[in-house]
Every structure is written in C-alpha cells, then in structure tokens.
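Take a look at the structure below.
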Amino acid sequence: MPDAYEVLEDAELRKAFDVWSGYLDARTGEEPGVRARLRAVLESARTAAADGDPGTARALVGDLYDEAREAGLAWAPPAPRPCEADRLARDYAKDALPQVLPLSLRDRLDQVALFLSVTGRRLAAAPGIDAALREDILYVTARAGMALDLAHPAAARRELERLKAIARHCGVEH
C-alpha cells in the first residue's frame, strides 16, 4: 500500500497528465508537428509513471513545459509555481488519501491542522509583530504543513508546539 508521499507524488503527475491531455486535445491552431512531439513526450511520461518510475515521468513533464515554451506555444499550459503545484496535488490526492491512511491517523492530522489554522490566523491578526517574527511564523507553519502532507503527526505536532510558543511569546491566545 502506498504511503502519503507516494499518493501526493502520483497526484502531482496525474494533474500534469490531465492538464497536458486537455491542452493537446484542444484545437488551438498551433504547429501540428510540435503538438505531435508533445503528445509523444506525454505518452512517454505516462508509461514511465505506469512502470513505477516517477522520477523519469516528472522529468518528462518538465520537458513538456520546456518544449512548449521554446516553441512559443501561446496557449500551452505554463509550469505551475511550487506552491500552486502542491495545492493542486493535494486537491487531486484528497480522494485517495482516506483509502491509504487509517481513520485514527487522519483524525490526529486533522486536529493538528485545525489548531495550526486557528493559531496561525490569530498570529496573523496580532499587532506589533516584526518582519523577523513573521518570517519565523511562516517558516514554522510551512514545516507543519509539510509534515501534514507527509502524514507525520509527531512532526506536525512538534511544529504546532513551536508555533504555540511563538504565540505565547507574542501574548496571543491559542
């Protein structure tokens, strides 16, 4: 059975495959030879993923974005920024994760996510927080988010405790 990271990795590839399939199936009037080459690269990426080689599949997806940019295809999908790619992968993975993660683990992760969200919002609204402290808050929140993405409740709880310590230091109720 795959772990949370494998589910997210698979979701990232499935999203890219869907985006590129949609683009290549659309009639945009762009160079047919370039589109045929892109379709061949997409099929190679799908094959690599199906054969259990996500590294090669990701590299081929990267080649799709590079080739489209170099060919000047105005309607080709742009490479998503890292934050956007993660958000889309999480959206794709949300249906698969419940089948992989036990209910008790999902409950612990959800509890940490809720406390993280509430504490983060309270800190964001707190007056008098300087830039360095805001950077610390964003850093700790991002680490907790990564731990949640990887379904690691102990690491997520540890980062939540760090965020709560910052909140106490700032006089923010958590």
Side-chain angles (χ1 to χ4, degrees), residues 1-22 45-46 48-49 52-66 69 77-174:
M1 182 176 285
D3 64 11
Y5 180 76
E6 290 168 330
V7 169
L8 285 170
E9 187 175 60
D10 179 61
E12 184 179 354
L13 287 171
R14 284 186 299 122
K15 175 62 179 171
F17 295 161
D18 288 351
V19 166
W20 279 101
S21 290
R46 286 183 193 272
D53 188 0
T56 299
R58 270 194 310 280
L60 289 167
V61 167
D63 290 348
L64 287 168
Y65 291 110
D66 292 343
R69 186 182 65 251
R81 295 179 57 218
C83 184
E84 178 73 5
D86 286 349
R87 186 185 62 75
L88 293 171
R90 281 195 296 286
D91 185 52
Y92 260 58
K94 73 177 181 258
D95 296 329
L97 279 174
Q99 297 157 2
V100 174
L101 302 177
L103 180 60
S104 61
L105 177 59
R106 289 194 320 252
D107 285 346
R108 289 188 323 206
L109 293 170
D110 288 345
Q111 181 185 32
V112 172
L114 178 64
F115 281 113
L116 185 67
S117 174
V118 169
T119 305
R121 261 191 253 128
R122 288 181 178 159
L123 278 167
I129 294 181
D130 64 13
L133 196 51
R134 242 179 240 294
E135 187 176 313
D136 290 346
I137 292 166
L138 290 173
Y139 178 77
V140 171
T141 302
R143 285 180 53 95
M146 287 187 291
L148 290 171
D149 284 348
L150 296 173
H152 198 293
R157 178 143 314 274
R158 185 174 55 247
E159 297 307 320
L160 176 60
E161 292 306 320
R162 290 176 69 193
L163 192 63
K164 286 180 177 181
I166 293 171
R168 282 190 300 276
H169 173 74
C170 296
V172 172
E173 185 180 320
H174 54 273

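- In this structure, Thr141 and Leu116 approach most closely via the heavy-atom pair O-CD2, 4.3 Å.
- For the salt bridge (Lys or Arg N to Asp or Glu O under 4.0 Å) test, residues two or more places apart in sequence or in another chain that qualify with Glu9 are Arg58.
- A heavy-atom distance below 4.5 Å is found between the side chains of Arg46 and Ser21.
- Counting only residues at least two apart or in different chains, side chain to side chain donor-acceptor pair (under 3.5 Å) contacts with residues 125-138 are absent.
- With sequence neighbours left out, Arg121 forms a side chain to side chain donor-acceptor pair (under 3.5 Å) with Ser117.
- Val112 is linked by a side chain to side chain contact (heavy atoms under 4.5 Å, CB included) to Leu148, Ala156, Arg157, Leu160, counting only residues two or more places apart in sequence or in another chain.
- Each salt bridge (Lys or Arg N to Asp or Glu O under 4.0 Å) pair with one or both residues in residues 147-156, not counting sequence neighbours, appears once here: Arg90-Asp149.
- In this structure Arg143 satisfies the salt bridge (Lys or Arg N to Asp or Glu O under 4.0 Å) test together with Glu159, sequence neighbours excluded.
- For Ala155, the side chain to side chain contact (heavy atoms under 4.5 Å, CB included) criterion is met by Ala147, His152, Arg158, not counting sequence neighbours.
- With rounding to the nearest 0.5 Å, the separation of OG1 in Thr119 from CD1 in Ile166 is 10.5 Å.
- Legend: residues meeting side chain to side chain donor-acceptor pair (under 3.5 Å) with Asp110, ordered by chain and number and at least two apart, are absent.
- Taking CG of Leu64 as the reference point, atom CZ of Arg69 lies at 12.0 Å (rounded to 0.5 Å).
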Quiz item: Between Val61 and Tyr65, is a side-chain contact (heavy atoms from CB on, under 4.5 Å) present by the stated rule, with each step listed?
Solution: CA-CA 7 Å; Val61 167; Tyr65 291 110; 3.6 Å; yes
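- Between Lys15 and Asp18, no side-chain nitrogen of the basic residue sits less than 4.0 Å from a carboxylate oxygen of the acidic one, so the salt-bridge criterion is not met.
- Considering only residues two or more places apart in sequence or on other chains, Asp63 meets the salt bridge (Lys or Arg N to Asp or Glu O under 4.0 Å) condition with none of them.
- Residues satisfying the side chain to side chain contact (heavy atoms under 4.5 Å, CB included) test with Leu114, not counting sequence neighbours, are Val118.
- Between the CG atom in Leu88 and the CD atom in Glu12 there is a gap of 9.5 Å [rounded to 0.5 Å].
- In terms of the side chain to side chain contact (heavy atoms under 4.5 Å, CB included) criterion, residue partners of Leu105 (sequence neighbours excluded) are, by chain and number, Leu101, Pro102, Arg108, Leu109, Ala151, Pro153.
- Closest approach of Ala167 to Leu123, counting heavy atoms only: CA-CD2, 3.8 Å.
- One finds the CG atom of Leu150 at 7.0 Å from the CG atom of Leu8 (value rounded to the nearest 0.5 Å).
- Every residue meeting the salt bridge (Lys or Arg N to Asp or Glu O under 4.0 Å) condition with Asp91, not counting sequence neighbours, appears here in chain and number order: Lys94.
- Across every non-hydrogen atom of Ala11 and Tyr92, the tightest pair is CB-CB, 3.6 Å.
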